[in-house]
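Computation of the quantities below employed the complete heavy-atom set of this structure, encompassing side-chain atoms and omitting hydrogens, waters and symmetry-equivalent molecules.
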Amino acid sequence: QVQLVESGGGLVQAGDSLRLSCVASGRIFCISAMSWFRQVPGNGREFIATVTSSNTYYVADSVKGRFSIAKDNAATVHLQMNSLKREDTAVYYCKAATQTNYLCDEAVDYWGQGIQVTVSS
């Protein structure tokens, strides 16, 4: 099994910055990408950013210019959030796209439990 643990969330004021971190541990095989999503009650999960194993970075247009994704290694990623707005309030989730075995022939996604980010005006 693979565990993802997010950290760094909390309550901030509009205009502030936060840095979320996600660490994957356990039986990890061939991580192909680590991503961040967010969700507000009543809505689906929204893609925010991803970094692939080949160090390709994607950031959603909705947060581009304010958010960025970085990684320390294949199993540790960060989401830097600047100029936060009230509408960034959500539960943020980390996702690892990996494989079920060392042959790396069966893809599987793992999710963290999510971390709350609340932005007050």
**OP:** Scan residues 96-109 for pairs that pass side chain to side chain donor-acceptor pair (under 3.5 Å), counting only residues two or more places apart or in two chains.
**Re:** T100-E106, N101-D105
Original post:
Under the 3.5 angstrom rule, does the side chain of R86 hit a backbone N or O of S121 as a donor-acceptor pair?
Top reply: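 Answer holds: no.
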**OP:** Mark yes or no for whether Q113, through its side chain, and V5, through its backbone, hold a donor-acceptor pair below 3.5 Å.
**Re:** no
Original post:
Are any of the side-chain heavy atoms of F37 and W111 separated by less than 4.5 Å?
Top reply: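 A side-chain contact under 4.5 Å exists here.
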Spacing of [atom1] belonging to [X] relative to [atom2] belonging to [Y], to within rounding of 0.5 Å:
{"X": "C94", "Y": "I115", "atom1": "SG", "atom2": "CD1", "answer": "11.0 Å"}
{"X": "L20", "Y": "W36", "atom1": "CG", "atom2": "CH2", "answer": "4.5 Å"}
{"X": "K95", "Y": "T50", "atom1": "NZ", "atom2": "OG1", "answer": "7.0 Å"}
{"X": "D16", "Y": "M81", "atom1": "CG", "atom2": "CE", "answer": "11.0 Å"}
{"X": "R38", "Y": "E46", "atom1": "CZ", "atom2": "CD", "answer": "4.0 Å"}
{"X": "M34", "Y": "L79", "atom1": "CE", "atom2": "CG", "answer": "12.0 Å"}

Specify the closest pair of heavy atoms between [X] and [Y], including all atoms of both residues, with the distance to one decimal.
{"X": "Q80", "Y": "S17", "result": "NE2-CB, 3.9 Å"}
{"X": "L18", "Y": "L84", "result": "N-CD1, 3.9 Å"}
{"X": "A90", "Y": "Q39", "result": "CB-O, 3.4 Å"}
{"X": "V108", "Y": "Y110", "result": "CG1-CE1, 3.5 Å"}

Subject >> Shared hydrophobic cluster for V91 and L4 (ILVMFWY, side-chain gaps under 4.5 Å) >> reply: no
**OP:** Report whether Y57 and F67 are members of the same hydrophobic cluster (ILVMFWY, side-chain heavy atoms less than 4.5 Å apart, transitive linking).
**Re:**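 Linked, Y57 and F67 end up in one cluster.
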Subject >> Heavy atoms of other groups near Y58 OH, more than 12 under 6.0 Å >> reply: no
**OP:** Flag yes if more than 12 heavy atoms outside Q3 fall under 6.0 Å of its CD atom; otherwise flag no.
**Re:**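 Enclosed: over 12 neighbouring heavy atoms sit under 6.0 Å from CD of Q3.
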**OP:** Using the side-chain contact (heavy atoms from CB on, under 4.5 Å) rule, take R45 and Y93 through it: C-alpha gap first, then chi angles, then the decisive distance, then the call.
**Re:** CA-CA 9 Å; R45 211 161 277 191; Y93 295 90; 3.5 Å; yes
Original post:
Is the shortest distance from a Lys or Arg side-chain nitrogen in D88 or K85 to a carboxylate oxygen in the other one below 4.0 Å?
Top reply: no
Contacts under 3.5 angstrom, residues 21-33 side chains, donor-acceptor by atom type, not counting sequence neighbours:
unit_1 : atom_1 : unit_2 : atom_2 : d
S21    : OG     : H78    : ND1    : 2.8
S32    : OG     : A97    : O      : 3.1

